[in-house]
There are 2 protein chains.
Amino acid sequence: MVKERVTVVDIARAAGVSKSTVSLVLQGSSLVNEVTRAKVNATIRELGYVYNRSAANLRQSKSKIIGIVVNDLTNSFFAELAVGVDTVVQSAGFVQFLANTSEKIERQREVVASMREHGVSGLIISPARGTEAADLAPLVESGIPVVLVVRDIADAGVSSLTSDNHAGAMAAVRHLIDRGHRRIAFLGGFPDTAVFEARMRGYREALLEAGLDAADGLVIGSAPSRAGGVTAIEQAMMLSDRPTAALCFNDAVAFGVCDGLRARRLEPGADFAVIGFDDVIEAKTAVPALTTVSVDPQGMGQRAAELLLKQINAGRAEAESIIGSVRLVVRQSCGAAIERKTREALS
Amino acid sequence: MVKERVTVVDIARAAGVSKSTVSLVLQGSSLVNEVTRAKVNATIRELGYVYNRSAANLRQSKSKIIGIVVNDLTNSFFAELAVGVDTVVQSAGFVQFLANTSEKIERQREVVASMREHGVSGLIISPARGTEAADLAPLVESGIPVVLVVRDIADAGVSSLTSDNHAGAMAAVRHLIDRGHRRIAFLGGFPDTAVFEARMRGYREALLEAGLDAADGLVIGSAPSRAGGVTAIEQAMMLSDRPTAALCFNDAVAFGVCDGLRARRLEPGADFAVIGFDDVIEAKTAVPALTTVSVDPQGMGQRAAELLLKQINAGRAEAESIIGSVRLVVRQSCGAAIERKTREALS
DNA sequence: ATTCATAATTGGAACGTTCCAAATTCGTCA
DNA sequence: TGACGAATTTGGAACGTTCCAATTATGAAT
């Protein structure tokens with residue numbers, strides 16, 4: 001049962017042409033006559049030939065592989081990002097190496113090295129916490145296009161695709177203020193990340209703009225996960241002067257906050273307004289449907305892939321930083337004000 | 001800026017040894033003297049050499065790549081499965097090609113072909129709906145180990161790792177019956193899949209065992225997603241004789257069912273019992289915490305990877321079918337805790 | 001018939017590694 | 001000193017492709 005490999009020379013011999021001709025057919029060259037092309041293709045099918053990309057890579061040192069490394073595939077935001085990348089990358093005839101770092105910088109070093117050894121022709125990376133420009137230096141030195149997604153790294157000299165976290169956070173908080181909220185918390189996320197910093201800055205700015213003071217006590221960090229959201233809201237509810245609304249670091253945290261509220265017999269949307277960030281796929285079907293700042297992870301993955309492919313094809317493109325715009329999607333979880341108004345109207 | 005490649009010969013020249021020696025060092029052979037090894041390693045670092053796996057693959061036709069293809073990466077069950085695979089595969093020095101088929105058989109064909117061309121030394125696949133044994137035939141003929149996960153395919157002649165869907169469903173339904181439920185629905189999932197069939201059979205059998213009749217009307221299919229769960233429960237509630245409990249096809253459906261119940265002002269766990277299947281990571285933090293049949297997706301990914309690696313190392317292992325055991329994790333969505341508390345209060 | 005342009009085809013030399021058989025060095029023992 | 005075995009080292013020859021320069025076939029124009 002151990003079949004030995006069928007190679008181009010086998011095909012060539014069987015079809016009565018030279019291996020060069022077979023190679024030409026394989027790459028769809030227009031140089032080859034229609035009838036020979038047909039004959040060769042027939043032979044290929046007949047002998048069950050499979051193309052050996054390792055060999056091809058060796059000769060023409062450019063592979064059809066791109067790498068994508070994410071810090072937490074378990075988070076559906078990143079899973080969706082990955083499928084976004086996958087769709088465009090696939091249809092461009094590339095294939096993706098996907099690695100998950102679980103936020104561990106050591107693991108990230110390994111996988112990046114491994115990808116380099118495999119000759120990826122480009123890399124999309126959502127870097128683990130604490131990644132520095134130096135970690136990416138070898139890549140850029142060897143001329144491999146890199147695009148950072150979600151998290152930017154200062155002075156890395158590579159392209160990046162982030163979203164307008166600052167504007168998104170401002171829009172969300174303004175909305176809460178418009179609805180009459182005065183004590184608004186910012187819940188979840190690790191404070192030492194650039195994304196946290198940007199969202200928090202937007203939150204602060206919107207508060208100041210409205211003449212509200214941005215007390216530090218209402219900013220409560222946590223793991224950026226559902227479980228983290230639960231603990232963050234618990235902490236928030238222990239405050240002497242409780243908030244009535246919260247902007248959450250991301251949707252996962254927001255769901256956790258909803259869970260935590262229910263555990264206290266508070267109905268999210270009615271008794272407390274919550275807004276998320278990301279607009280993951282579950283946001284619209286959840287009950288109450290989550291008001292959130294839409295980042296469109298899948299679209300982001302697609303754009304990142306397009307950017308990367310552009311750089312790969314261009315040979316050597318200079319770094320560009322794209323800040324994707326973002327929009328507030330108002331659904332039900334921030335409906336506190338409405339409910340209150342209704343209640344007042346009834347009384 | 002365009003650095004040309006540093007190769008083993010460059011290292012050899014710089015270190016004053018032959019390329020063979022460098023190669024030996026690279027593979028950590030014990031044949032080479034300690035001091036030369038050190039010298040070579042120093043040179044490697046100094047010149048910034050990066051190993052070229054394409055070249056190595058070409059020579060010793062076995063790569064350090066395994067492929068994993070899943071039918072829906074957006075579903076966190078599969079995302080977790082993928083990270084499970086990733087962890088063990090990484091630490092064995094392999095790297096994974098991950099592809100998402102979005103349940104499209106055509107896409108699956110492409111990605112499998114592509115992986116073959118890249119010379120993966122093994123493949124883990126959760127096949128798209130409608131995959132037949134013939135689709136995998138080329139793989140097995142060329143001696144590439146394949147392990148099916150989650151969904152088995154009859155007569156494919158490859159290893160498979162599934163979970164005991166039948167027993168899990170029975171346990172769940174028995175539990176509901178024990179709690180006094182008599183009208184129990186089976187919600188969600190595509191009826192034309194083996195997994196659906198197995199779970200449904202378990203559901204039926206548990207009902208019959210208890211002398212309840214398994215009316216067809218209580219089995220309602222839908223997309224195996226959160227949105228599908230919403231529609232399924234809506235349909236169930238339109239029945240003249242409504243169910244009081246449901247076993248859901250998977251956790252995503254179960255969450256959707258909870259959403260749908262809330263939309264009707266029914267509290268899952270209190271007014272209606274729901275049990276999921278899979279035990280995804282959110283199941284324990286959701287409110288109410290989801291009672292579910294635990295399948296441990298990450299562990300499943302790990303076991304699949306281990307099985308695959310075993311076969312890769314063994315050269316040619318015969319197919320084995322593993323049916324992972326499964327256990328019911330009782331949390332709050334089936335009303336268990338509440339009932340218990342009530343009972344204690346009464347006594 | 002000859003010439004010439006164009007279309008098609010083709011050998012061989014890479015690409016960067018591993019593997020094999022053979023060669024070299026080294027220490028030890030007679 | 002010579003011989004011998006073990007420990008190291010080393011030249012090629014692969015591996016399966018692509019690319020280049022060169023060759024051959026084709027057909028039209030003279």
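Sequence lines set the chain letters: A, B, ... in the order given, protein chains first and strands last, and positions in each chain run from 1. The structure displayed is predicted, hence computed values, not measured ones. Because only heavy atoms are used, hydrogens play no part in the values below, and waters and symmetry mates are left out as well, while side chains stay in.
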Under 4.0 angstrom, heavy atoms only, what part of the nucleic acid is A:V9 near: base, sugar-phosphate, or nothing?
nothing
Scan side-chain atoms only and decide if A:S126 and A:N71 contain a donor-acceptor pair under the 3.5 Å cut-off.
yes
Between the base of C:dT17 and the side chain of B:R59, is there any donor-acceptor pair under 3.5 Å?
no
Look at all strands and tell whether A:S23 reaches a base, only sugar-phosphate, or nothing, counting heavy atoms closer than 4.0 Å.
base
Rounded to whole Å, CG of B:N33 lies from P of D:dT10 at a distance of 11 Å
Grab the CG-C1' distance between B:L24 and C:dA22 for me, whole Å please.
15 Å
Calculate the interatomic distance between B:N52 atom CG and D:dT17 atom C1'; express it in whole Å.
13 Å
Take the protein atom OH of B:Y51 and the nucleotide atom P of C:dT17, then report the distance between them rounded to whole Å.
8 Å
Could you verify whether a donor N or O on one side chain and an acceptor N or O on the other, from A:S23 and A:Q27, lie under 3.5 Å apart?
yes
If the cut-off is 4.0 Å, is A:T21 near the phosphate of C:dT9, judged by side-chain N/O to OP1 or OP2?
no
Take atom CZ of B:R13 and atom P of D:dT10, then tell me their distance rounded to the nearest Å.
14 Å
Do B:S18 and D:dG11 have a side chain to base donor-acceptor pair shorter than 3.5 Å?
no
Quick one: do the A:N41 and A:T43 side chains pair a donor with an acceptor below 3.5 Å?
no
When the distance from NE2 of B:H118 to P of D:dG16 is rounded to whole Å, what number comes out?
17 Å
Starting at atom CG of B:N57, determine the distance to atom P of D:dG16, rounded to an integer number of angstrom.
12 Å
For A:T36, report the nucleic acid contact type (base, sugar-phosphate, nothing); a contact means any heavy atom under 4.0 Å.
sugar-phosphate
Ignoring hydrogens and angles, state whether a donor on the side chain of B:T74 or A:E80 is under 3.5 Å from an acceptor on the partner side chain.
no
On DNA chain D, nearest-nucleotide positions of B:S20 versus B:L31: which is more 5'?
B:L31
Any luck finding a side-chain donor-acceptor pair between B:R5 and A:S61 under 3.5 Å?
no
A:Q60 side chain near C:dA14 phosphate (N/O to OP1/OP2, under 4.0 Å)
no
Provide, to the nearest angstrom, the distance between the CG atom belonging to A:L58 and the P atom belonging to C:dA14.
14 Å
Please determine if a side-chain N or O atom of B:Q27 lies less than 4.0 Å away from the OP1 or OP2 oxygen of C:dT17.
no
